[in-house]
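Quick caveat, the model's predicted, so the values are computed rather than measured. Below, read A as the first sequence line, B as the second, and so on, with proteins coming before strands; counting in each chain starts at 1.
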Amino acid sequence: MSVVKTRFAPSPTGYLHIGGARTALFSWAYAKRHGGQFILRIEDTDVARSTPEAVQAILDGMAWLQLDHDEGPFYQMQRMDTYKKIIQKMLDDGHAYYCYCSKEELDALRETQMQQGLKPRYDGRWRPETDKTLPEVPQDVPPVVRFKNPTTGVVAWDDMVKGRIEIANAELDDLIIARADGTPTYNFCVVVDDWEMGVTQVIRGDDHVNNTPRQINMLQALGAQVPQYAHLSMILGDDGQKLSKRHGAVSVMQYHEDGYLREAVLNYLARLGWSHGDDEVFSMAQFCEWFDLDHITPSAAQFNTEKLNWLNAHYIKNLPLERIADEVKPRLGKLGVTETSTPDLLAVLNLYRERSNNLNQLAQEIAFFYQMPAINEADAAKHIQQETSGIIEKFLEKAQDSDWAADNLHDALNFVVTEQQIKFPKLAMPLRVALIGIAQSPSIDQVMAILGKETCLQRIHALFPKK
RNA sequence: GUCCCCAUCGUCUAGAGGCCUAGGACACCUCCCUUUCACGGAGGCGACCGGGGUUCGAAUCCCCGUGGGGACGCCA
């Protein structure tokens, strides 16, 4: 029984997006679940489109999500010697051959086939067969190397999420495994790497289903063990449309920037296309214990930001306060708040985190504890009347001499409300506006207690000058 | 066009022939709590794509249709 090895193999042509993150998560969890190894492999053979920035973005994304790899990262560009050696061997063994077709020739071929309603594919004109005379080798065309795919029979595998899939070899053509410049192509590199790295389960997006039979054929030609395959369906945007550059295919790091906790994103992604009965909220440790491939939905899943928000709220409410503080501090920093010791940030968060589903929003809501709030004109107009300053005055008289603890402030508020025979909001709302700028907050007595006597008096007097 | 895949509430899903009068979660609505806004609690609304089979019995199995998606590169 070989040890479980999974891999995540992105190509560095862009950031780590939400679909890639889920694929990585599932591969990672599968390895964890089975006490196996998780490999990170960077598929950078498309030199024109791969960038070091994209590599870094992927690494950053994986690091933020804490999807740690046990091996790698491997870079395919550093493995050229291996690929070239194996290409030569396949040439020698008769599993591959040179093809001298020019790109123009191939384009023309494709077009004719499309017009005839056929599936466009290479016609095998340079494929060596017994009793077949190959064309004259042109002098000016550097050849590509093609894999000699079987022409009859079917390739089949039991996909761990989609079930048995069979594809006739007649549907396949001889794919190019080395370009005219000698560099190997994607399908070939994947085959060599998965084989040499001992990958036992290939978990990837289902846009690769069509590559699988080709890869299996090559694996078999090489005498390699064929891994198990699990093809994950894609993730659609909030609106049911395919995610794309200009359509919500955001980087996972964008979620970090937008105020989401990794715990929420991870939990959300885990539940997208996978389920464990009715369980909705669980830790990654729990997920790794539960995760298995046969509870993955084969159909595409639509992303739902509302549900992510709900999970984010859950984790903001339940993670250790220190953790939330670490997340909120830099966000307060962006709002110009650098000093968070007075009042104590933990106390502030304890009071405020219940009501927030987003870290940025949370930071914005508590910024007034550390800086003078802007008064919301609408709220001020609505809650401040002629008699207001008199009421406030009464309250201050009563509260002035107390120790400014929440209980005592609470009593003072109630005393004034009873004494003046007014509704509670008559007093609480103007106080809110004066202290935090808006009319929504947790219990005003608690806000005042945390804000501290000095600051409270200062802000109240700023709006209601002493007579 | 050809091949492949998919199909349960608006969304994520449970469901492996009888436990289904189809369950849970998000969202939405109502009520309760309440010092405003939230949080929380209790209810409610809401789905098996269509048609044929198979079976005593089908959301579950089979076929056809329809709809959606993917792949058909010297991209990955």
Side-chain angles (χ1 to χ4, degrees), chain A residues 9-13 43-46 48-50 76 99 101-103 106-107 110 113-122 142-146 159 161-163 165-168 170-173 175-187 189-190 205-213 231 233-234 236 238 240 242 268 271-281 294-295 297-311 313 317 352-357 365 379 383 410 413-414 417 423-429 431-433 438-445:
Chain A
S11 67
T13 53
E43 312 220 317
D44 53 0
T45 53
D46 184 357
R49 293 198 300 155
S50 298
Q76 290 187 323
C99 165
C101 284
S102 66
K103 286 186 191 181
L106 293 172
D107 287 344
R110 246 193 300 277
Q113 286 167 330
M114 287 287 253
Q115 273 170 2
Q116 291 170 3
L118 297 168
K119 186 173 181 166
R121 52 208 212 266
Y122 179 62
V144 298
V145 179
R146 284 184 186 271
D159 196 276
V161 348
K162 294 190 188 284
I165 299 178
E166 293 186 6
I167 290 166
E171 291 297 327
L172 274 23
D173 63 359
L175 77 163
I176 293 171
I177 60 176
R179 303 181 179 94
D181 65 4
T183 59
T185 58
Y186 166 76
N187 273 298
C189 296
V190 168
D206 74 355
D207 46 336
H208 289 292
V209 166
N210 296 275
N211 290 325
T212 307
H231 287 100
S233 56
M234 54 186 293
L236 273 23
D238 257 316
K242 186 189 175 179
Y268 180 72
R271 267 303 270 106
L272 201 57
W274 174 84
S275 62
H276 184 267
D278 288 340
D279 295 301
E280 295 286 350
V281 180
D294 41 59
H295 281 88
T297 328
S299 56
Q302 191 171 316
F303 196 90
N304 184 216
T305 304
E306 295 286 357
K307 192 161 182 178
L308 205 214
N309 288 343
W310 171 74
L311 276 168
K317 273 181 282 192
Y352 263 79
R353 67 165 166 177
E354 286 263 312
R355 47 200 303 110
S356 187
N357 65 9
E365 280 178 351
D379 282 351
H383 297 290
H410 184 83
L413 289 165
N414 279 324
V417 165
K423 296 272 192 197
F424 200 97
K426 272 274 189 208
L427 172 55
M429 288 309 192
L431 279 175
R432 286 196 169 95
V433 173
I438 56 171
Q440 295 82 41
S441 82
S443 297
I444 193 63
D445 43 21

Kindly point out which of B:rU2, B:rC39, B:rG70 is positioned nearest to the side chain of A:K317?
B:rC39
According to a strict under-4.0 Å criterion, is A:S441 in side-chain N/O contact with OP1 or OP2 of B:rU36?
no
Nucleotide of B:rA76, B:rC12, B:rU11 approaching A:H208 most closely (side-chain heavy atoms):
B:rA76
Just to be sure I understand the rule, does A:K103 reach a base, reach only the sugar-phosphate, or reach nothing, if contact means heavy atoms closer than 4.0 Å?
base
Classify the nucleic acid contact of A:D279 as base, sugar-phosphate or nothing, counting any heavy atom under 4.0 Å across all strands shown.
nothing
Within the structure provided, determine whether A:C99 and A:Y122 are in side-chain contact (heavy-atom separation under 4.5 Å).
yes
Do the side chain of A:D207 and the base of B:rG70 come within less than 3.5 angstrom through a donor-acceptor pair of N or O atoms?
no
Looking only at side-chain atoms of A:N210, point me to the closest of B:rA71, B:rG24, B:rA76.
B:rA71
Taking for each residue the nucleotide of RNA chain B bearing the nearest heavy atom, is the 5' side occupied by A:R146 or by A:G163?
A:G163
Closest listed nucleotide, where the reference is the side chain of A:W310 and the choices are B:rC74, B:rC39, B:rC26:
B:rC26
Separation between the P atoms of B:rC48 and B:rA22, rounded to whole Å:
10 Å
I want to confirm an ordering. Mapping A:S443 and A:D46 to their closest nucleotides on RNA chain B, which one lands closer to the 5' end?
A:S443
Any N/O donor-acceptor pair, A:R271 side-chain to B:rU13 base, under 3.5 Å
no
At under 4.0 Å between heavy atoms, what does A:P10 touch on the DNA or RNA strands: base, sugar-phosphate, or nothing?
nothing
Rounding to an integer number of angstrom, what distance separates B:rG23 and B:rC19 when you compare their C1' atoms?
12 Å
Quick one: label A:A301 by what it contacts on the DNA or RNA (base, sugar-phosphate, nothing), any heavy atom closer than 4.0 Å.
sugar-phosphate
Would you mind classifying the nucleic acid contact of A:G273 as base, sugar-phosphate or nothing, using non-hydrogen atoms under 4.0 angstrom?
sugar-phosphate
Distance between C1' atoms of B:rC33 and B:rG50 (Å, rounded):
48 Å
Taking the P atom of each, how far is B:rC45 from B:rC4, in whole Å?
44 Å
Does a nitrogen or oxygen in the side chain of A:K307 sit under 4.0 Å from OP1 or OP2 of B:rU13?
no
Phosphate OP1/OP2 of B:rU13 contacted by A:H295 side-chain N/O (<4.0 Å)
no
Check this for me: does the side-chain of A:H410 come within 3.5 Å of the base of B:rU35 through a donor and an acceptor?
yes
When you check the phosphate oxygens OP1 and OP2 of B:rC5, does a side-chain N or O of A:S233 lie under 4.0 Å from one of them?
no
Phosphate contact (B:rG73 OP1 or OP2) by A:R110 side-chain N/O below 4.0 Å
yes
How far does the P atom of B:rA27 sit from the matching atom of B:rC6, given to the nearest Å?
31 Å
As a test of reading the structure: which of B:rA76, B:rU2, B:rU13 is closest to the side chain of A:S275, going by heavy atoms?
B:rU13
With rounding to whole Å, what would you report as the distance between B:rU55 and B:rG17 at their C1' atoms?
9 Å
So A:T297, base contact, sugar-phosphate only, or nothing? Heavy-atom distance under 4.0 Å.
sugar-phosphate
Nearest-Å distance once atom P is located in both B:rC56 and B:rU11:
37 Å
Are the side chain of A:N357 and the backbone of A:W310 linked by a donor-acceptor contact shorter than 3.5 Å?
no
Taking the side chain of A:D445 as its heavy atoms from C-beta onward, which of B:rU35, B:rG24, B:rA76 lies nearest to it?
B:rU35
B:rA38 and B:rC31: how far apart are their P atoms, nearest whole angstrom?
14 Å
Let's see if you can work this out: which of B:rC74, B:rU35, B:rA25 has an atom nearest to the side-chain heavy atoms of A:L413?
B:rU35
